[in-house]
Structure formats: C-alpha cells, structure tokens
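FYI, the numbering just counts along the sequence from 1.
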Amino acid sequence: MPQERRTPVTPSSSSRYHRRRSSGSRDERYRSDVHTEAVQAALAKHKERKMAVPMPSKRRSLVVQTSMDTYTPPDTSSGSEGEGSIQGEGTPTSSQGSINMEHWISRAIHGSTTSSTTSSSSTQSGGSGAASRLADVMAQTHIGPIAHLSLKRKSVPGTVENGNSLRRSCEFRSDLAWPPLESEAENHSAPPDVTTYTSEHSIQVERPQGAQMLTMRGEQLGVVTNWPPSLEAALQRWGTISPKAPCLTTMDTNGKPLYILTYGKLWTRSMKVAYNILHKLGTKQEPMVRPGDRVALVFPNNDPAAFMVAFYGCLLAEVVPVPIEVPLTRKDAGSQQIGFLLGSCGVTVAMTSDACHKGLPKSPTGEIPQFKGWPKLLWFVTESKHLSKPPRDWFPHIKDANNDTAYIEYKTCKDGSVLGVTVMRIALLTHCQALTQSCCYTEAETIVNVLDFKKDVGLWHGILTSVMNMMHVISIPYSLMKVNPLSWIQKVCQYKAKVACVKSRDMHWALVAHRDQRDINLSSLRMLIVADGSNPWSISSCDAFLNVFQSKGLRPEVICPCASSPEALTVAIRRPTDDSNQPPGRGVLSMQGLSHGVIRVDSEEKLSVLTVQDVGTVMPGALMCVVKPDGVPQLCRTDEIGELCVFPMTSNGAPISEYPFTRTGLLGFVGPGGLVFIAGKMDGLMVVGGRRHNADDIVATALAVEPMKFVYRGRIAVFSISVLHDERIVVVAEQRPDSTEEDSFQWMSRVLQAIDGIHQVGVYCLALVPSNTLPKTPLGGIHLSETKQLFLEGSLHPCNVLMCPHTCWRAQTTPDHVLFTLLNSRGTIASSLTCLQLHKRAEKIAAMLAERGHLQDGDHVALVYPPEHRHNPAHCEDDSGGQSLGLCNDYTGDLPPQLYKPSNPDTLAYLDFSVSTTGMLAGMSHTATSAFCRSIKLQCELYPSREVAICLDPYCGLGFVLWCLCSVYSGHQSILIPPSELEVNPALWLLAVSQYKVRDTFCSYSVMELCTKGLGLQTESLKSRGLELSRVRTCVVVAEERPRISLTQSFSKLFKDLGLHPRAVSTAFGCRVNLAICLQGTSGPDPTTVYVDMRALRHDRVRLVERGSPHSLPLMESGKILPGVRIIIANPETKGPLGDSHLGESDHFNSRLSFGDTQTVWARTGYLGFLRRTELTDASGERHDALYVVGALDEAMELRGMRYHPIDIETSLDGSEQEALDLVPLVTNVVLEEHYLIVGVVVVVDIGVIPINSRGEKQRMHLRDGFLADQLDPIYVAYNM
C-alpha cells in the first residue's frame, strides 16, 4: 500500500487545537475527534426512527437525588490510577459543528455498510456535539488480567499458568513493507480466499491469510561491561563513592522540594532497616523474619523516600518485599483479595512509615484492627529514630544476582482475584540492564517520575534502574498533580530533566492547564516515556501534546510509548532517535477485522477503525512471538492478532527462567521492521457471538455520545457477564447529579445505537448509578470487579436501567454458533465446529463422494477411523478424521446445488454397527433418525443455548446419536471429551463439567469406573482446584445392559463431597433394534430402585422383597421411557403378553403378539425385564411407568429349567486379587453356595483378555468363542470333576 508519513504539525493545526481547547472541554485526555464524529454519524442513521422502547415509569418517593447532595469536588474523584479530571465546560461553535456533522452523515449514508439492529432510538440533540472532544477513555476503567500466575514458581516476571483512535490509513514507516498485506494492495476490495457469509449485520468473516509468524529477537544485551553484578552492589558502590549525589527529591503540595535523599543516606538507612528486620523482630533464638521471608510494604503515594529505603533494606536483608496500597477502611474494595495474597505469601510483618502508621484505622483501644481477610500482622515503622544502629562489625551479605525472589508485585485479575508475580533477582538485574540500554541512561541524569513508584513502570524506572545508573529522580506526587497539573512540566524545565515518565492522563492535564505560559522549555527532554502507550487510545493524547508543545521545544522523536505488564515487565519500548524526519509507525486498522482477530489496513473514511501506534521494538536480549489467545498456544500468522509472549535472557544469552515463554496479557502484532503494535489487552477482551471486542473501545464509544458531559467525570465501567453460555456486555456509568430521567433514558438509547453502529454488537444491560457511588480502587478509580460483583448480586442500586435481553439470542441464530467443542487431555479446547464450518465441510465431502467416488443415492460408504481420529465431530458423512478432511479441504469441485431430501423417509440414513456380542448391523432410516433426535430433545429439553458434556465413544448406538446428531438437530453445544484422554488425565471429564457449568452430561461405564478408581483419593485436591458438581442435574450412563448399581452408587458417594447430588446419576438403555429406549430426562421422578427375589427371577417371575432380604437383588430403573416409545413385556417363547409379576422380553415394534393386540407390529429387543407402574407421577401428571432391565436373552444360561444371568454370578465373584490356583476353589465354592450351580470349568486369564466394547460392556459370546477356539492363552484351566 502507499505509505504515508504522519501529518506535519503546522501553525494552522496548532491554532485549531487552541481554539477547541480554549473552550475548556472536560475529560479530553484521550480525545479523538475522529471517533466522536464517527459516533455521531452512526447515530445519525437512527435520526428518522421513532423511539421503539417506551420510557420506564417509576413511583416517585421522598428520597430524591439533589445536585448538592451528590456533587463531589473535583479533587475527590479520579480515574483508574487515581487521576482526577480537570474541570471546564464549553463546545465549539455551532456552525463548525454542523458542517462536520453533515460531512459525517454523508459518509455514514454512502460509505458505511453496517446496519443497526437495536430496537431503541432517540432524538438527535443538535449538531453542535459533532466536533466535541472525546472524553476520558481508559483512566476510568481498571480491568484485571486474565492470565493466572503462580506464587510458587520463581520465573521472570511471574509465571503464567494457563498460561483506539478510529481512523484508517497506513502510516507505517515509509521504507518498510507489509508482506502479509501485499495482496490487498492489488485488490483491496476483495481479499483472496476469504470465507464470507451474510448475517444480521452483513458482517464479513475474514480469516488470516499471511504466513506463520517467526520469533522476533531483540538486539544483543550487554554492550556495557561495567554493569554491577546486582542492584545491591550498585547501591553500595554509589553510597560509598558518591554519598552526596542526589538520588530522590520529593515534592510537597506546593511544588517545593520537601526532602532530598542522597545515595549515602539511602545506603546507610537501608542497612539500618535490613539489620533491624533480621535482628530486632522476635528473639535471637526465634526471629520473626528470616532471609527469604516475605514482608508487606505499606507506604502512601506521597512518600517515595521512605518506600525506597524500606525496599532496598529488604533487598539487603534478602527479604522479599510485597508492596501493596495503604488500607483506608476495613471495607476497602478489593481489600479481602489483598489479604488473601498476603496470607498466601506467608506475610506476618508490614513495614510502613510513621505518618502512615498514625493514619491507619484504629480501634477504640488505639490498636490497628485486623482487616477483613488479612493475616495477623506486626506493623514495623521504618523511620531511623525508631531503629537501632547496627554494630560496626555487621555488614549485609551482598552477592551476585541469582534465582532467589527479589520482590513480589501483585495484579488484579478479571474476576477480581489478586495474584502475585514473583520477580527473581537475576530477572530484576537483567530488566534494569535492558532498560538502561534501551533508554541510553547515563550517570547523574535527572528523571521526572509522575507514576506510582510502587509498581510497574514507575517502580522499574524511578526506584530500580535509577539506582543502577546513579540517576536523580524527581518524584511528583498525585496530590501535587491535582493541585497543579502542570507541575511535572515545570520540574522538567527547572531541573532540565532528560527523561520523564508519564501517562496519557498527565499529558492531557498539562494541555488543559498550560494556558499560554511562555516560560516552558522542553528542549532538555530526550525521552518522554508514555507508560500506557500500549493503550491504543493514548495516540490521541500523544498527538495533541506534540501539537501544542512542539513550539515549546518538544521534539517529535522524544515521545516514546512503551508496553508492559506485571507478568512480563517491559515488553517493548520506542527508542529515542536522532533522526527527527523518521516518523513513528502507525496504522489504521479495521475494527471489523480486529473483531475476527485479523489485521486489515483500512482508510480514514470508514467509521469503525482503530488507529494504533508502535511501542518500539522487542527489548534487548529477549525473544518475542505472538500466539493465538485461546486454546492450545499456536503461533499466529503475520496478519493475525494474538497475545504477545516474551522469553527474556541474560546478557550472556542464558535463559532467565526454566519456562520458555511468558504470556504478557497484551493483544497485538509485530509489524514492518519488527515494530510492536498493541491493539488491546486480554483483561479487557470480551468475546460475544464469536467476535472479540475490547472494553476500552466500548467505553470510548459511550463517552463520545452527546451530551458527553452527561457521564459524571467520564466514570464508566464496561464488563461482560455470562448469560446462556455466551458473554454479554454490561455498561455501568455514573450520571451527573443534575440529570433528569428523560435525559438519562435518551442518553442510554443513543449509547445502544452508537455501540451497535460502530462495533456491531448489542449491549445486554446499560445501568446508570448516582455520581460517586461506584466502588473505587485505592487511588480513586473504578474498581471493576467489585462493580461487576455488585451487579451480579443485585446490589448495584442503579437509578436507571435499560435491558436488552433480545441480544442474547443473536449468537444462536448465526452461522458462527458453535455446535461442537473438543477438549484435549489438558482440558483446553483442541478444536471446535460452528454451524457454518460443519455445513461447509459436509458439503465438500458430499461433493467429493459424488464426483470422485461416483456414488449414487442409496450406496453405502464405510467410515473406518482409528481411535485417535474419533474427535472429529460431524454429521453422518462428515464423521471423519484428519485424513479425510485433508482431502475435502483441497477439493475445489462444484458443491451440491441443493440439500438432499430422501424420496422415501423410510430409506436408510446410516447403518449402525455395534462391536458387541451379537455384532448386529442396524439400519437407521431418516424417519427413525429424526425421531431419535426429537425424542432426546424433548426428554432432555435441549435448545441452542444449552451445553452438554459427552464422554463416551462415538462409534455406534446412543453414543453416536449424542456425539454427532443431536447438536445438529437441537442446536445445543456438545462439549466432546474423548474417553481415551482420561487415561492421561482422569479428572478431565469432571473438571470440564465443572468449568463449563454443565447441567447435563453423558458417559459410559468405563469412564465412570476410571473416575471412581483413579480419583478416589483426590477429592480434596479436586475441591481445592475449584471442582464443583452441584450444578449437575443429570449424569447419564449410556449402556445396553442392566444398570450397574454398585458402580453408580460408589460414584455418587465418592463425589458427593464435590456437590454431586446422588439422584443426579442415572442410566440410559438401548438395544440394536432401538438405540434409545430409556433416558433419564430433566422432568419426571428420580430413578427408583427395587429389590427382587433372585430365586423367583430364575423362574422368570418377579417377586419384590425388602432391602436386605435373603437372596435379594437390587435393580435400578433404566431411565425414563422416551417420548414416542411404547413397550410391552412378552413371553419370549409364546410371544404372548405377560402380567406384572412375570419376567419377559421387552418388545416394541416389528413382530406381532400371539394373542391380545395382534395387529400392532412390535420389535423384539432381546432383553428380559419387567414394567412396574409406580405411585410417582411424571410431568404430565400421569402415573410413572418404570422399566427394569434384567439382562440379555442371548447371554442368559438355562440350567435345570432355570434362567441364570452371567452378571449375577460375576458380581458374586468380585473380590480381592488371588493367586491362580487359589481362585479355583474360591470360585467353585461361591457359585455353589449362592447360586446352587456346579462350575464345570474355571479359566484364569491375563488382565485385558476379556473383550470389552467401547461402552465398557463385557463381550461374553466373543469370550466363549475364543475359549472354544483355544485363543485365550490362559494362565490356568481347571476342569472340575
């Protein structure tokens, strides 16, 4: 594509910005005029519509919100990192706004292909808002990462267990090419080989077309040879060689220097803290803190000097610091999770300053109370006046950096849980070296730090790397920024600082507050590090800041965005260059493409686009790759969005960690020249209907809706909740105190329209709450997980709410609806099939069979696949494995012109072959197949939003129907778990049932037996892993035999402690002539168990006895008879119907009775059983008929005029293992005592010799034939005389 450079800054553009800014609009720090106008254009399409949703009416109470009661002064509310908004009101001139509005309306009408489906609409509130600035986007949201970390693993930086500005023109570096998009340069309107379909929104589903990405390598680390061997060694060096050199200068709220910490003072005070930690807590024999223990660092944001002394004191004492926020009350949002972190780390001591200690909450007795969920702590004040002076002969043990843990940094996950990231000492040193090399740090440089010095970029640059290079840090507290937002720029000028560490919010505040001060000179800056440069919306602040301050000496190449995460530290950073003519990389990407995970460069004229800027290249000494964000980690293609993964190495090239790559939690790609681009974060990712949406993008669109000042200081929370097994978007906003109900409802309606028009996604719920009422983070931002929890609990107390539940059904009616999900042995998704994918693949196979196989209607095709290929879920013809799919994917012939419809519904659809005793081949007609699926759908109440877990073989019988057919008929999602995977991971099935919150699951007896034996001693560990089975409504064992009551009872008893209800476990019954006769459904009574007299049973009579009676045999009901199935019990010899007290063959269709109803055609099942009408009632109110299966007629033995069933004799013989010769008398005695039978032959064989089919059923006739043919190779054969 033609490459475009960034538009040069001209006086006209600068003055235009001045005109807009001077009007004093609010919350402009992430402004994007382009996106604001795009939102207005999208809303313009709804202008002519009538409001389809009526306004809700409320009963008026005496409690009415007033503006004065709920208004909060400007300095008490802030963004996610504690950023408050600077006040100011104003809009551009109406003429200017209306001209822009007409321009964008024209674009929306003639250039956009998107359409809206939301039923809400509202009246346009004038055109003056078209050119208004975008309100704050990121600062009001704080979403925890999705990757889970382990505190036990010592990796760098932590161990992953699972481990937008809207425009669109390519502005990458002009000398770089974009290989994966070359095809688009030739024909941009129609990318080659892209599968498309039309849905409600006419969305084009794009697939990645580029080559597989290669691993990117950063520059060589270790150019400088005089780097210290550890950070403590660097501190010792500067503290003794240059003790008077300034290390840290703190500021008061007036902007005056409050305290200057020199390197000499830092060294001596850190040693003093280290000595007191190790020797003055506890006793000499039992010290409270030993090297390697963890301690909490609790310091306020205005005291970086005390924090720095305590942090380095811990390093010198070889104690692991865990920095946390200062608890303000016992009910702080997220405080309980912080307590869980401290408890997990074994923290018993909390270090703090004197002033902070005095400000902590106190009980009436003056003691610090134990905060909710926190362990009991000893509070240790680190001021020198409270510490003992170390003896002259005491000296800290300083050694080279090793694999010991240096410190633990915490992160908040998406679900609100707090996890720790362990950073090793070698990783700490290597990271400081990489930052030094990337930023070209030198000794005695001055750096201004506006960031939180306790974590992330503020800690890495302002506390750690600065000491390694003997730099001077000017720390700007947040309290000063609220009073004087220009303070950091003033300090840059005053100290002629070379480097400044800021966020986009700080640049915005400076824009608003700088007015026309003439004493600003930023020419000393060689590097302006933008800590949140990975947020795509930060590009607007960077551009606006450069527009204004370029005339104040700021050079364009100075602005250096970086990307980082707690678990991966600094991922990439843009280096300062000497070539001011080299523009930074940026690109305008299609949001529609991003929602499908692909990169498509687009043009500015489109509404739904996202502008991204590069964050530099890979860190020195590191490797980077991009992997697919879900499922098994696989390398992405070059035009595919994925999660960045890094592999840091030391200066000598050795890997820092034993783990190859660390997930960063950042979504992006590597562009031309190795430039890294970030498009979002995993923690803000919401997957709705198979498409990805970023929470920050949704926030930006909502804040761009007029009137933008409606939202109180831009405080909006966007998150997703699970409804009907898919993510649904919830938007919660604080409204201004003076908002009327009509204003609120109109704004909500327009937000729904804007999000639908820009992102093509529906909002499930939009809630408005009074100002300043959402839970806050320690620095004043919105606590997202707490807000979500309040919403789920019904405790959010909104003042207005708008629900759109109709959006929940959109995913179920699109081709992207997932029908099958296959899990591997690790419990992750190995593959999945949507309606569209299954249809396309089945079409290809059908066409291939017709063209290459020359098959006609009615011909038979054998499907022969080994067990490892059983995983491909498909319907009939598509029941294939990887080999056949490889053929069909290459097939390019004509597809069938129309769907096949059989001329006769009774023609065969498929042949069902069971590897069983009889080995019958059952023909299933189209009518029977549909009837099966329909009866199962009715019995189990299956519909598209349901999920069913299936863990049984798919080859034949009911297993094949459940695995391959039912999802296609009913539309529900089948979670497929191959039983062979349980041999590797016995807990796989139950963990999947718990993870996916499945209510109905199907298994085989072999699976149940494997879980019972393999997990018998693991229930406590499974419970600790979060396995919960209380949601399971039905757990059905699919079989063609009598229910194994002892196994089902053992299974129920074993997993009762994990929440499994005993009555949830039931069985199904089918046979060769009818694959599904009984199946326990969602309605009807629970399965019943009766006890029959075994002696009467031998004479084909049914005599019920009490439990525990002599010769009693328990029989469990074989599930509820399926809809449409009629059963009669007949005498197998006379074919006449039998009464309730007789045992007979259960028949249904294909033979006639000898008397009674002789016209109906019944089928012989080949199984003996009886029906019993119970006193229970089913869902229809009728009395329930229970079917009890006793055994197969073919396997029953007739001896002395009595009928014996092998399973009863086998049950008597179950016991402990014995030697072969010891078994002979034991078997003979037991069978003689319990069954009055003389055993003629006792054969002892090896384990595995007895044939078992895929359902775990013994194949006794095959065993008999093998014995007669002398094929068993027995251990011992005894012939009793």
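Across every non-hydrogen atom of P396 and L316, the tightest pair is CB-O, 3.9 Å. Minimum heavy-atom separation, V421 to E567: CG1-CA, 3.8 Å. Across all their heavy atoms, S438 and I573 have their closest contact at CB-CG2, 3.8 Å. Residue S363 comes nearest to P369 through the heavy atom pair N-CD, 4.1 Å, listed as atom of the first residue, atom of the second, then distance. Across all non-hydrogen atoms, the minimal contact from A296 to L342 is CB-CD2, 4.0 Å. Contact between L278 and V289 at its shortest, heavy atoms only, is CD2-O, 4.0 Å.
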(request) Give the C-alpha distance, both sets of side-chain angles, the deciding distance and a yes or no for side chain to side chain contact (heavy atoms under 4.5 Å, CB included) between I447 and C501. (result) CA-CA 8 Å; I447 176 174; C501 294; 3.7 Å; yes

(request) Apply the test side chain to side chain contact (heavy atoms under 4.5 Å, CB included) to residues V326 and F299: give CA-CA distance (whole Å), side-chain angles for both, the deciding distance (0.1 Å), then the verdict. (result) CA-CA 6 Å; V326 177; F299 290 89; 5.7 Å; no

(message) Run the side chain to side chain contact (heavy atoms under 4.5 Å, CB included) test on V530 and C562 for me, step by step, so that the C-alpha distance in whole Å, both residues' side-chain angles and the decisive distance to 0.1 Å come before the verdict.
(response) CA-CA 6 Å; V530 185; C562 73; over 6 Å; no

(request) Apply side chain to side chain contact (heavy atoms under 4.5 Å, CB included) to the pair F311 and M351, showing each step before the final yes or no. (result) CA-CA 10 Å; F311 189 93; M351 302 171 65; over 6 Å; no

(request) Starting from the C-alpha separation in whole Å, work towards a yes-or-no answer on side chain to side chain donor-acceptor pair (under 3.5 Å) for H783 and S785. (result) CA-CA 6 Å; H783 198 294; S785 58; 3.3 Å; yes

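Side-chain contact check for K411 versus V418: every heavy-atom pair is 4.5 Å or farther apart. Contact annotation: the side chain of L667 never approaches that of K681 to less than 4.5 Å [non-hydrogen atoms, C-beta and beyond]. Residues V349 and L281 have side chains in contact (heavy-atom distance under 4.5 Å, counting atoms from C-beta outward). Within the 4.5 Å cutoff, side-chain heavy atoms of Y410 are placed close to those of E325. Put simply, the side chain of L459 reaches to within 4.5 Å of the side chain of F307, judged on heavy atoms. Counting heavy atoms from C-beta on, the side chains of V626 and E643 never come closer than 4.5 Å. Residues H279 and W394 are in side-chain contact: their nearest non-hydrogen atoms beyond the backbone lie under 4.5 Å apart. Using a 4.5 Å heavy-atom cutoff, the side chains of T617 and V676 are not in contact.
The distance from atom CH2 of W374 to atom CG of L341, rounded to the nearest 0.5 Å, is 9.5 Å. Rounding to the nearest 0.5 Å places CH2 of W238 at 14.0 Å from CH2 of W267. Atom-to-atom distance recorded for F340:CZ and K372:NZ is 15.0 Å, nearest 0.5 angstrom. Of the inter-residue distances, the one linking T352 atom OG1 with L377 atom CG reads 11.0 Å to the nearest 0.5 angstrom. Rounding to the nearest 0.5 Å gives a distance of 9.5 Å between CE of M424 and CG of N402. Rounded to the nearest 0.5 Å, atoms CZ (R237) and OH (Y263) are 12.0 Å apart.
Side-chain atoms of N276 never come within 3.5 Å of backbone atoms of V273 as a donor-acceptor pair (strictly under, hydrogens ignored). Side-chain atoms of E219 do not come within 3.5 Å of backbone N or O of P620 as any donor-acceptor pair. The backbone N or O of S994 sits nowhere less than 3.5 Å from a side-chain atom of E1028 that would complete a donor-acceptor pair. When atom types are taken as modelled, the side chain of S720 and the backbone of M686 share no donor-acceptor pair closer than 3.5 angstrom. With hydrogens and angles disregarded, a donor-acceptor distance shorter than 3.5 Å links the side chain of W488 to the backbone of D506. The main-chain N or O of L685 is found under 3.5 Å from a side-chain atom of K414 such that the two form a donor-acceptor pair. Judged purely by atom type and a 3.5 angstrom limit, T430 has no side-chain atom pairing as donor or acceptor with the backbone of A427. Although no hydrogens or angles enter the test, the distance criterion places no donor-acceptor pair under 3.5 Å between the side chain of T262 and the main chain of P246. At least one donor-acceptor pair under 3.5 Å links the side chain of N694 to the backbone N or O of D696. Listed for the H431 side chain is a donor-acceptor partner under 3.5 Å among the backbone atoms of T570.
Applying the side chain to side chain donor-acceptor pair (under 3.5 Å) definition to pairs two or more places apart or across chains, none involves residues 303-315.
Salt bridge absent: K788 and D415 never bring a charged side-chain N and a carboxylate O closer than 4.0 Å. Under a 4.0 Å N-O distance rule, the pair E232/R425 qualifies as a salt bridge. Checked for salt-bridge contact, K455 and E409 miss the test: no charged N lies under 4.0 Å from a carboxylate O. A salt bridge links D452 with K454: the closest approach of a Lys/Arg side-chain nitrogen to an acidic carboxylate oxygen falls below 4.0 angstrom.
Other residues, nucleotides and ligands place more than 12 heavy atoms under 6.0 Å from the NZ atom of K362. Applying the 6.0 Å contact sphere to OH of Y259 captures more than 12 heavy atoms from other residues, nucleotides or ligands.
Ring-plane geometry between F661 and F647 is classed as tilted, the angle between the planes lying from 30 to 60 degrees on a 0 to 90 degree scale.
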Result block: side-chain N/O donor-acceptor pairs under 3.5 angstrom for residues 460-476, not counting sequence neighbours:
residue : atom : partner : partner atom : Å
W460    : NE1  : Y407    : OH           : 3.3
H461    : ND1  : Y441    : OH           : 2.7
T465    : OG1  : W460    : O            : 2.7
S466    : OG   : G462    : O            : 3.2
N469    : ND2  : T436    : OG1          : 2.9
N469    : ND2  : T465    : O            : 2.9
H472    : NE2  : T249    : OG1          : 2.6

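Side-chain polar atoms of D400 and S230 form no donor-acceptor pair below 3.5 angstrom.
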